[in-house]
**Q** 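One structure coming up, written as structure tokens, with questions to follow.
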Amino acid sequence: MTGIIQRLLLLSAAHRWARNQSTCAQIKRVSIEGNIAVGKSTFARLLQESNPDWEVITEPVSKWQNVDHETQSQHSSSNLLQMMYEDPKRWSYTFQSFSCLSRLRTQLQPITPMLPQAPKGAVQVYERSVYSDRYVFALNMFKLGFINSVEWAVYQEYHSFLLQQFGHRVELEGIIYLRASPQTCLGRLQKRAREEEQQLELHYLQMLHQRHEDWLLNRTTPVHSAHLLKLPVLVLDTEGEFERNPEVRVHLISKVHLSLDSLTVNSNQKVTDVFASPATGPGFPLWVVTEDHSRFPLLLKMKG
Ligand SMILES: Nc1ncnc2c1ncn2[C@@H]1O[C@H](COP(=O)(O)OP(=O)(O)OP(=O)(O)O)[C@@H](O)[C@H]1O
Ligand SMILES: Nc1nc(=O)c2ncn([C@H]3C[C@H](O)[C@@H](CO)O3)c2[nH]1
């Protein structure tokens with residue numbers, strides 16, 4: 001009984017909190033998009049270094065390189081990224097299902113507890129998103145004939161369904177598009193020399209470049225949510241060296257700051273539940289769930 005009363009009190013306090021100063025309304029979520037090897041990870045690292053308060057979430061590449069499975073009761077691990085590049089017709093659909101799932105999982109992760117207290121505003125930066133999964137890569141694999149029309153229909157159906165179900169939880173407030181020519185990306189890809197990418201040709205990067213241009217610049221790619229249509233896109237020219245050139249770096253990072261300042265964030269959500277943190281150790285003991293199923297740490301200043 002005491003438990004129920006405590007829960008009700010907490011819920012009502014959480015409602016007050018949500019009305020007054022919704023933490024979720026202060027978090028800006030952006031994804032960094034761009035061609036293979038354009039410099040997303042590098043730029044994400046530089047953003048993190050200049051904004052230690054931000055939460056930068058990298059692309060789950062290692063998950064794709066190590067898919068655990070059982071073969072005749074033996075534990076095994078396979079490199080799906082490599083399999084997809086070696087035999088795209090056989091593995092592209094499997095790859096897109098898995099990459100989409102892993103991106104969804106990443107975007108649904110609870111925020112780090114200290115993020116809402118970031119003095120200059122809470123920002124989450126994702127390296128790619130469930131959106132590029134569909135409107136760049138899966139679409140490209142379909143156009144190349146590596147995903148057939150049935151697979152494409154199935155992928156689109158569950159992608160739309162998942163996005164509809166998770167609603168605001170997977171929405172972004174903006175996109176940073178790192179833009180460079182496919183030739184430049186090929187040069188960086190060769191310099192990085194990731195083993196699985198050795199066979200990649202300029203033509204593939206040219207196609208991916210066009211998918212990015214159509215989605216983010218020309219806005220001619222049909223998208224399936226009104227939110228995406230309105231999403232602000234910051235285009236950064238990354239043709240030049242920014243890794244070692246501090247002037248270019250500062251210029252690009254200040255552009256990100258400027259555009260983040262102008263972004264509006266997601267609207268206040270009603271609190272529907274409150275729960276104790278499952279994690280041990282320091283952090284926030286209480287979390288709230290909002291009507292769109294998002295979870296946020298409860299930052300309450302309880303009166304008297
Ligand atoms: N502006 C730049 N100028 C020159 N080299 C760069 C620049 N940005 C990144 N690089 C180099 O290019 C290579 C690829 O960069 P990075 O791994 O950041 O690309 P990415 O976009 O994250 O790749 P992926 O699409 O595979 O995730 C790295 O060797 C990096 O050091
Ligand atoms: N087919 C396919 N679909 C995706 O959604 C996707 N996302 C990333 N990649 C490839 C690009 C880099 O080689 C490597 C790391 O970004 O993984 C993808 N490939």
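Because the structure is predicted, anything quoted here is derived from the model rather than measured.
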**Q** Below 6.0 angstrom between ring centroids: does that apply to H257 and W54?
**A** yes
**Q** Go through the side-chain N and O atoms of H209 and R179 and say whether any donor and acceptor fall under 3.5 Å apart.
**A** no
**Q** If you count the non-hydrogen atoms of other residues, nucleotides and ligands that lie under 6.0 Å from NE2 in H75, is the total more than 12?
**A** yes
**Q** Please determine, by modelled atom types, if Q82 and Q65 share a side-chain donor-acceptor pair under 3.5 angstrom.
**A** no
**Q** Given side chains that start at C-beta, do those of Q199 and Y85 come closer than 4.5 Å, heavy atoms only?
**A** no
**Q** With a 4.5 Å limit on heavy-atom distance, are the side chains of W215 and I175 in contact?
**A** yes
**Q** Can you tell me if E241 has over 12 outside heavy atoms packed within less than 6.0 Å of its CD?
**A** yes
**Q** Supply the atom-to-atom distance C185 SG to L200 CG, rounded to the nearest 0.5 angstrom.
**A** 11.5 Å
**Q** Roughly how far apart are Q109 CD and E55 CD, rounded to 0.5 Å?
**A** 7.5 Å
**Q** Shortest non-hydrogen contact from Y126 to R29?
**A** CE1-CB, 4.2 Å
**Q** Do L216 and E33 have side-chain heavy atoms sitting under 4.5 Å apart?
**A** yes
**Q** Salt bridge or not for K40 and E127, using N-O below 4.0 Å?
**A** no
**Q** Where do E239 and S181 come nearest, in terms of heavy atoms and distance?
**A** OE1-N, 2.7 Å
**Q** Verify whether one side chain among Y177 and E213 offers a donor that lies under 3.5 Å from an acceptor in the other.
**A** yes
**Q** Of the non-hydrogen atoms in S31 and L172, which two are nearest, and what is the gap between them?
**A** OG-CD1, 3.5 Å
**Q** With the side chain counted from C-beta on, respond yes when V130 and H159 share a heavy-atom pair under 4.5 Å apart, and no when they do not.
**A** yes
**Q** What closest approach, in Å, do S102 and W64 show between heavy atoms, and which atom pair accounts for it?
**A** OG-NE1, 2.9 Å
**Q** Before you tell me yes or no, could you show the steps for S160 and R134 under side chain to side chain donor-acceptor pair (under 3.5 Å), namely the whole-Å CA-CA distance, both residues' side-chain angles and the distance that decides it to 0.1 Å?
**A** CA-CA 10 Å; S160 296; R134 174 168 174 172; 3.0 Å; yes
**Q** Consider side chain to side chain contact (heavy atoms under 4.5 Å, CB included). Of L260, L258, L252, which one does V256 pass it with?
**A** L260
**Q** Taking a hydrophobic cluster as the set of Ile, Leu, Val, Met, Phe, Trp and Tyr residues connected by side-chain heavy atoms closer than 4.5 Å, whether directly or through intermediates, do L162 and F137 fall within one such cluster?
**A** yes
**Q** Would a 4.5 Å heavy-atom cut-off, applied to side chains only, mark V170 and Y131 as touching?
**A** yes
**Q** Looking only at heavy atoms, what is the nearest atom pair of S77 and N66, with distance?
**A** OG-CA, 3.5 Å
**Q** Do other residues, nucleotides or ligands put more than 12 heavy atoms under 6.0 Å from the CD atom of E70?
**A** yes
**Q** Hydrophobic clusters here meaning ILVMFWY residues chained together by side-chain heavy-atom distances under 4.5 Å, can you tell me if L236 and V250 are in one?
**A** no
**Q** Is R90 close to T94 at the side-chain level, that is, under 4.5 Å between some pair of heavy atoms?
**A** yes
**Q** Do R128 and E59 sit within salt-bridge range, that is, some charged N less than 4.0 Å from a carboxylate O?
**A** yes
**Q** I'd like to know whether the aromatic ring centres of Y155 and Y93 sit less than 6.0 Å apart in this structure.
**A** no
**Q** A side-chain contact here means heavy atoms from C-beta on lying under 4.5 Å apart; do E49 and L46 qualify?
**A** yes
**Q** When rounded to the nearest 0.5 angstrom, what distance separates CD in Q107 from OG in S129?
**A** 5.5 Å
**Q** Testing the basics here: between V38 and L178, what is the closest heavy-atom pair and its distance to 0.1 Å?
**A** CG2-O, 3.7 Å
**Q** Under 4.5 Å between any side-chain heavy atoms of D214 and Y135, yes or no?
**A** no
**Q** Transitively linked via ILVMFWY side-chain contacts under 4.5 Å: V61 with L101?
**A** no
**Q** Let me confirm one number: the CG-OG distance from N35 to S132, rounded to the nearest 0.5 Å.
**A** 11.5 Å
**Q** Given D133 and R103, is the salt bridge (Lys or Arg N to Asp or Glu O under 4.0 Å) satisfied, shown in steps?
**A** CA-CA 8 Å; D133 201 280; R103 292 188 208 280; 2.8 Å; yes
**Q** Pick one: which of Y158, F146, F142 meets ring pair (Phe, Tyr, Trp, His ring centres under 6.0 Å) with W152?
**A** F142
**Q** With a 6.0 Å cut-off (strictly less than), is the heavy-atom count around CZ of R219, excluding the residue itself, greater than 12?
**A** yes
**Q** Given side chain to side chain contact (heavy atoms under 4.5 Å, CB included), test E196 with E86 step by step and report yes or no.
**A** CA-CA 8 Å; E196 296 89 340; E86 278 177 358; over 6 Å; no
